Every structure is written in structure tokens, then in C-alpha cells.
Amino acid sequence: MSRSAADRGCLVYVGNLPDDIREREIEDIFVKYGRIRQVDLKTPARPPAFAFIEFDDSRDASDAVRGRDGYDFYGHRLRVELAKGSARGAVDRTSRSSRDFRPRQTGFRVRVKGLPMSASWQDLKDHFRRVVTPSYTNVIRERGQAIGVVEFDTLEDMERAIRKLDDTEFKNPFERAYIRITEEGRGRSRSRSRSPRLEPSPPPEN
């Protein structure tokens, strides 16, 4: 990352990160504030880890500082501020383990069925960002199916996403399909009110 990004106010420093965090997790924490050009994650021999995030726009960088300074990520209270220079505290990046990606647990999570096999977590996030920005997306492939997992910051965001996007067309550059969205832990969609199925009337008594 160049010093000019810091001079333009587009570079954000994020400190007190957990030592097993991934760049994708950092992007998920900050993507709602604007387009991210680059994430430079540093994992020193002695924790905590830290990172520099370069935004396209200085206003987005300032919004990220206001919105995420003090943010609690798995018990780690993040320190977020505008960076004064890209070389600040820089260390060589160490090799990272291939641990499973771990989302922040908010409890507001849905499952997405009917996705094409070519669907990626980025495609899924783009689809949901039409109505609300999710805090986490992932696509799991099992038994010949692609199943999406989407998590939201609030109950209102989750319910809005279900209401607006259940039974809608999902598409990426390769395929398209209609998807169904179900709140995790429930066996039914909470989206649209469907007309109840009418039961046949009993025969009249003689």
C-alpha cells in the first residue's frame, strides 16, 4: 500500500485483531462502509495481529473508523483509526493456517437453497446487498447441492432480506436459479404470507 493512500485519508489502521483472523473476515467487517481496494494483514510473532485497509474514498474510511472503532469481534475490541503512514509497525507476513472461516455469531442467520453450483460467497453477498448488507456469507457444497449461509447484524435486516429476496432469481455470470431462504433453526420461510391451503368442507349431515 502506498503512502499516498494514507495522505489522502483512505488508509485505515485496525489493531487488536485475533491472531487467527483472515483477510476475508476483515473485509466482511468493513465492506458495508464502501469499496475496499486492498487489505494488508500483519501477523507478528507476538500477537495481536493488525491490518491496513485501503478504501477508494476517504469518506468511506472515516465512516469505517466511526463505525468500527471499539467493535467487539469474538471478545477482541478492535482499535480502528486513520493510518498516518503505511509503514507504521509493519512486519513480515507470516504463514497462516488453513483454519475454517469463522463468522461473527449474531444469531440472525438464514440458509439459502436452490443456488447453482457455480455460486460463490461474493455472488451471494451481491444478491443480498440489493436490499441489505449482510455481515457474513458463505456457500457450502454438499451432496451435489450448493447451500448458502448468510448472517446479519440485526433481526430487522434478516427479516427484510427474507421478505424481499425469498423466491427471487439469483444469477451470476454463469448460471441463474430461483432461491428459497429459510431462517436457520426453523423449518419454514418467514418471508411472504402464502395463502393457506383450503381443506375440503365436510359433507353435509343427513
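Bear in mind the structure is a predicted one, so any value in this text is a computation, not a measurement. Computed over heavy atoms, backbone and side chain alike; hydrogens, waters and symmetry mates excluded.
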When you compare the side chain of Val150 with that of Val112, does any pair of heavy atoms fall below 4.5 Å?
yes
Separation of Lys113 NZ from Ile179 CD1 (nearest 0.5 Å)
13.0 Å
Kindly compute the distance separating OG (Ser135) from CZ (Phe128), expressed to the nearest 0.5 Å.
11.5 Å
Taking the side chain as everything from C-beta on, heavy atoms only, tell me whether Phe73 gets closer than 4.5 Å to Pro18.
yes
When you compare the side chain of Arg129 with that of Val31, does any pair of heavy atoms fall below 4.5 Å?
yes
Is any side-chain heavy atom of Ile140 closer than 4.5 Å to one of Gln145?
no
Going from CG on Leu17 to CG on Leu41, what distance comes out if it is rounded to the nearest 0.5 angstrom?
7.0 Å
Report the distance from atom CD of Glu151 to atom CG of Asp157, rounding to the nearest 0.5 Å.
11.5 Å
Distance (rounded to the nearest 0.5 Å) between Arg79 CZ and Asn16 CG:
9.5 Å
Checking salt bridge (charged side-chain N to carboxylate O under 4.0 Å, His left out) between Asp153 and each of Lys32, Arg109, Arg160, which is the one that passes?
Lys32
Qualifying residues under side-chain hydrogen bond (donor to acceptor under 3.5 Å, both in side chains), relative to Arg59, sequence neighbours excluded
Asp57
Can you name the closest pair of heavy atoms from Gly148 and Leu115 and give their distance?
N-CD1, 3.4 Å
Is there a continuous path of hydrophobic side-chain contacts, each under 4.5 Å between heavy atoms, that joins Leu155 to Val110?
yes
Arg68 side chain to Ile29 main-chain N or O, any donor-acceptor pair under 3.5 Å?
yes
Give a yes or no answer on whether the side chain of Glu159 reaches the backbone of Glu156 with a donor-acceptor pair at less than 3.5 Å.
no
Which heavy-atom pair separates Phe50 from Gly15 by the least distance, and what is that distance?
CB-CA, 4.1 Å
Kindly say whether Asp123 contributes a backbone atom to a donor-acceptor pair with the side chain of Asp126 at under 3.5 angstrom?
no
Set out, in order, the CA-CA distance, both residues' side-chain angles and the distance that settles side chain to side chain contact (heavy atoms under 4.5 Å, CB included) for Leu11 and Phe55, then state yes or no.
CA-CA 6 Å; Leu11 194 62; Phe55 285 89; over 6 Å; no
Modelled atom types, side-chain donor and acceptor of Ser120 and Asn172, under 3.5 Å
no
Salt bridge present between Asp28 and Lys125 (N-O < 4.0 angstrom):
yes
Where does the angle between the aromatic ring planes of Phe30 and Tyr33 fall among parallel (under 30°), tilted (30 to 60°) and perpendicular (over 60°)?
tilted
Contact summary for Leu82 and Gly9, nearest pair of heavy atoms
CD2-O, 3.8 Å
Nearest heavy-atom approach of Val131 to Ala161 is CG2-CA, 4.1 Å
Within the side chain of Asp19, is there an N or O that forms a donor-acceptor pair under 3.5 Å with the backbone of Pro47?
no
For the residue pair Val80 and Val65, what are the closest heavy atoms and their distance?
O-CG1, 3.6 Å
For the side chain of Arg180 and the backbone of Asp166, is there at least one donor-acceptor N/O pair under 3.5 Å apart?
no
Would the distance check show the side chain of Arg37 and the main-chain N or O of Asp56 forming a donor-acceptor pair, the cut-off being under 3.5 Å?
no
If you look at every heavy atom in Asp60 and Arg35, which pair is closest and at what distance?
OD2-N, 4.1 Å
Donor-acceptor pair, distance only, cut-off 3.5 Å: does the side chain of Arg111 make one with the backbone of Ile147?
no
Donor-acceptor pair, side chain of Thr137 and main chain of Trp121, under 3.5 angstrom:
yes
Let me confirm one number: the OH-CG distance from Tyr178 to Asp167, rounded to the nearest 0.5 Å.
8.0 Å
Ser58 side chain to Cys10 main-chain N or O, any donor-acceptor pair under 3.5 Å?
no
Side chain to side chain contact (heavy atoms under 4.5 Å, CB included) between Glu54 and Ile36, intermediate numbers included:
CA-CA 6 Å; Glu54 184 179 350; Ile36 295 173; over 6 Å; no
